[in-house]
Structure formats: C-alpha cells, structure tokens
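Working notes, structure below.
Nothing here was measured: the structure is a model prediction, and the numbers come from that model. By convention in this document, chain letters (A, B, ...) are assigned in the order of the sequence lines, proteins followed by strands, and residues within each chain are numbered from 1.
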Protein chains: 2
Amino acid sequence: MKAPSPHQPAFRRIEPDARRLGLIEACARVLARAGAAGSSVRAIALEAGVSPGLVSHYFSGIEALVGATYEHIEAAVAETLDRAVADAGPEPRARLDAFVTASFAPAIADPQLLATWIAFWSLVTARPAIAAQHDEQYSGSRARLEALLGDCGVPKNEQRRAAIAVTALVDGLWLELCLSPGCFSAEEAGDIARRFLDTLIS
Amino acid sequence: MKAPSPHQPAFRRIEPDARRLGLIEACARVLARAGAAGSSVRAIALEAGVSPGLVSHYFSGIEALVGATYEHIEAAVAETLDRAVADAGPEPRARLDAFVTASFAPAIADPQLLATWIAFWSLVTARPAIAAQHDEQYSGSRARLEALLGDCGVPKNEQRRAAIAVTALVDGLWLELCLSPGCFSAEEAGDIARRFLDTLIS
DNA sequence: GCTGTTGTTGTACGATCGTCCAACAAGCTT
DNA sequence: AAGCTTGTTGGACGATCGTACAACAACAGC
C-alpha cells in the first residue's frame, strides 16, 4: 500500500554524529515517558523515526545507549548549572547561591529527568564500566563545587568534605522533589540549601 | 532420574502468610543480586524454591510483588533505626546521633539494598499506587525525625523544614555511599550529618 | 484409611525482548 | 549518467518475558 509517489525518499542519510545524537535524545524521551522497563530498542527507534536495526549499528547494546544518554543529559545539566553560575556575576556567594537555586529549577528538578538517572543507577552495581562513568561524573561535579566553595572562603582542607555535604543535600532534596513533587516546593528546597551554605561559610 | 524414595514429599504446603513472606524475601535477594532488569518471575520463584506459577497466585503481578518487597524492606530498615535510637538511651541528642549513625551502618548503606529502592523508584512515576506508597513511607519517616528533633529543642514551627533537610542530607549521603562506596566512608558520612545537626540544634 | 479441600506444580501460550545480517537505496564521486 | 560507498532497512532468530490454567498431591477432617 506504499504510495508510489514520483520520488519521495524512503529515508535520509545523516552524518553519524547527528544520528547518534538523535538516538540519544530519543532514548531520553522514551525513558522519561515509559520508564526504564518500557524503554526497548524498538520503542526508542520508533521515537527516533528510525529502524530498530540502527540502534545496534551505532551502539554495542542498549546498555551502551543508556550510558551515552546519561552522559549527554548530565552534560546538559552541568551546562545549565554553569550558565546559572556565570549569569550570577562575580560575587562568590551569589555564584554559589545561583548554583543551588538552579539545581531546583523546573528544567532540572524534573520527574522525567529522574527516569534517566534511575535507568542509569540500575546499571551501576552490575556493570563496572557504568560504575566508572558514575564515579567520573561525581568527582567532576564535586570539583566544580569545591571551586565555588573555595571562592567563598572555605579553607582548602575543608573543601572536600563541604562539597560532599552540599552535593548530598542538594541531591537528596532533588530526588525527593522529583519523586513526590507535592511534598515541598522548589523554593523551599532552595531555602534549605542556601541556609546550609550559611553555616559552612560564615 | 528422580530418586523414587519411599515417600519424599515433592513439596510442602505452607501457611499463606509464610509463603508470601518467602516470596518477598526471595524477591529482595534477586533484586540485590541481579538488579531490576534481571528480576523475573522465574528467577524469583527459583530463588524461593517454588514453582513460577505461585507468584501469580499470591500477587496480582510482579509490580505488586516489588511493592510488597519495598514495604517489607522499608519496615526492616525503620525497625533497625528505631532500635538504634532506643539503644542510645534517654538523652535526646544522643538518640538523634544514633539515628544518623545507624543510617550509614553496613546493614543499611548496602549497595544491594539500593537495588530494591531503585526497582521501586522506577515504578513511582508511572504507577499512582506506588507513588502513594512512597509518599506514605516518606511522611512516616519524616514524622519520626521531627519527634527526635523536637526532643532536642527544635521549635515546632521549624521541625518540618529541619526534618526535610536532615532526611535529604542523609539520603543523599546514603545514595552516594551505595553507588560508589570508595568515594568516602560511612564514618565520614556520619560526621558530616552530625555536624549538620549541630547547626540545627545549637 | 478414605475423602475433600486447596496449596502447588508444570507447562503452554502469545507477546516482546535484543541481536543479527543480507538486501536495498541515498547520495557522493567520477 | 553510471558506479560505488555505506547508511539504513526490515524481518528472522532464539531467548525470555508475564500470565493463565488444568492436573496433581499434600494434608486435615472424618
């Protein structure tokens, strides 16, 4: 029943990097919509407007695709936070406040974003490569936070511990904000986090 | 090749509640070992030493089994924490310290325990019943913490916010401790949490 | 010991999973 | 315009999934 139109291409060839990106973004959308259990190769390929076989062609398996998706989303989150810090101006404490405030903005504290994290976390225990990827992401995130804290006068020998604490508090608030959005508001989460920063810096 | 021994029963009938519990504990072990993706009805039945059909007989589906497993594990965790608080004696601050310290003890901050949480979280977004179960667990946990904080002199109008903060910090530390155990130690996590309590109470 | 109840088994079923690969066609090169 | 490269298709494949159900057997009551 294909319409034998004069010459409508059945598909378009796309530059490999662009195709990879399209699959990664489709994976993120399916994870957000259907959760980890409903994110099959076929569902992702359909979302990307592509044949199922292409997933195997670009990724060694669906776990590799989830890993790449996590990496991509994490980079986007980090860029969003960095931009918020940059927009806050030169004052160190304002930059730190901007960091935690942006962590609870709608684009970040998004239940659908949590789906990608959960799918990734579910692989951390079993797959050493995924665990290494998580460690790298965590230490990178912590390093940025240590720099912000250092600018606010936190002594070097306390930066590591302070960064661990702030990361944990922000992540814990973020997680709960995603899991049950009605329990407390993003503003409240930001207030809690900023008040904690007061105790670290004063 | 079955040994036709004179009369070895092929199976034993067990009281329904005990059988339910056996399936729940088997589910927890499989989740811990194989993760959410590897926890099939067959794997759980094998772990429980039982036929696959029995799972359908006791639970409406595998999601219901995961929900019941979460409920069971969460109750066990709460009991462990309550016991630690009770063993700490009457002094309010010592009881609060015992609560956070126990939260990072090996039995609680266990990567295998995280698998149950992740499997459960992956259902929260899509299933309203699971979301309600999570909300109930969270508010119960927070209520216990509010009482401990109140005993330490935290004013009533600050208890809610303080409990949210402590829960988030402890959960964030717990999560990271499970995901990459080598990054920081349980003792360090306890120190961070107790120091945070100092700032809330003083 | 016999019988009735019912907890339990084991399998069949259709659906869906991830992976693979030969054939096809889009678009650049000549 | 013809050929070539290769990105892409689409279905086949075996494995595994969750569920349902008829047959069976363990155990209590008689």
Contact class for Y58(A) (heavy atom, under 4.0 Å): base, sugar-phosphate, or nothing? sugar-phosphate

Does I62(A) reach a base, just sugar-phosphate, or nothing at all? Heavy atoms under 4.0 Å. sugar-phosphate

Let's see if you can work this out: which of [options] has an atom nearest to the side-chain heavy atoms of [X]?
{"X": "R42(A)", "options": "dG7(D), dT8(C), dC13(D)", "answer": "dC13(D)"}
{"X": "S51(B)", "options": "dG18(C), dT8(C), dT9(C)", "answer": "dT9(C)"}
{"X": "R19(B)", "options": "dT9(D), dT8(C), dT19(C)", "answer": "dT8(C)"}

Would you kindly say whether Q137(B) and S141(B) are connected by a side-chain donor-acceptor distance under 3.5 Å? no

To the nearest Å, how far apart are [X] [atom1] and [N] [atom2]?
{"X": "L46(B)", "N": "dC17(D)", "atom1": "CG", "atom2": "P", "value": "11 Å"}
{"X": "L54(A)", "N": "dC24(C)", "atom1": "CG", "atom2": "P", "value": "18 Å"}
{"X": "R12(A)", "N": "dG27(C)", "atom1": "CZ", "atom2": "C1'", "value": "13 Å"}
{"X": "H57(B)", "N": "dT5(C)", "atom1": "NE2", "atom2": "P", "value": "16 Å"}
{"X": "E15(A)", "N": "dT8(D)", "atom1": "CD", "atom2": "C1'", "value": "16 Å"}
{"X": "E63(A)", "N": "dG18(C)", "atom1": "CD", "atom2": "C1'", "value": "11 Å"}
{"X": "L65(A)", "N": "dC17(C)", "atom1": "CG", "atom2": "C1'", "value": "15 Å"}
{"X": "I44(A)", "N": "dT19(C)", "atom1": "CD1", "atom2": "C1'", "value": "14 Å"}

With under 30° as parallel and over 60° as perpendicular, where do the rings of F196(B) and F196(A) fit, or are they tilted in between? perpendicular

Should the ring pair Y138(A) and F184(B) be called parallel, tilted or perpendicular, given that the plane angle runs from 0 to 90° and is split at 30 and 60? tilted

DNA chain D: 5'-proximal contact among P52(B) and F11(B) (nearest heavy atom): P52(B)

Using the closest heavy atom to pick a nucleotide of DNA chain D for each, name whichever of A10(B) or S60(B) lands nearer the 5' end. S60(B)

Verdict with supporting geometry, R33(B) and Q112(B), side-chain contact (heavy atoms from CB on, under 4.5 Å): CA-CA 7 Å; R33(B) 184 203 314 140; Q112(B) 299 192 328; 5.7 Å; no

Establish, with yes or no, whether the OP1 or OP2 oxygen of dC17(D) is under 4.0 angstrom from a side-chain nitrogen or oxygen of S40(B). yes

Does any N or O in the side chain of R95(A) come within less than 3.5 Å of the main-chain N or O of G89(A), such that one atom is a donor and the other an acceptor? yes

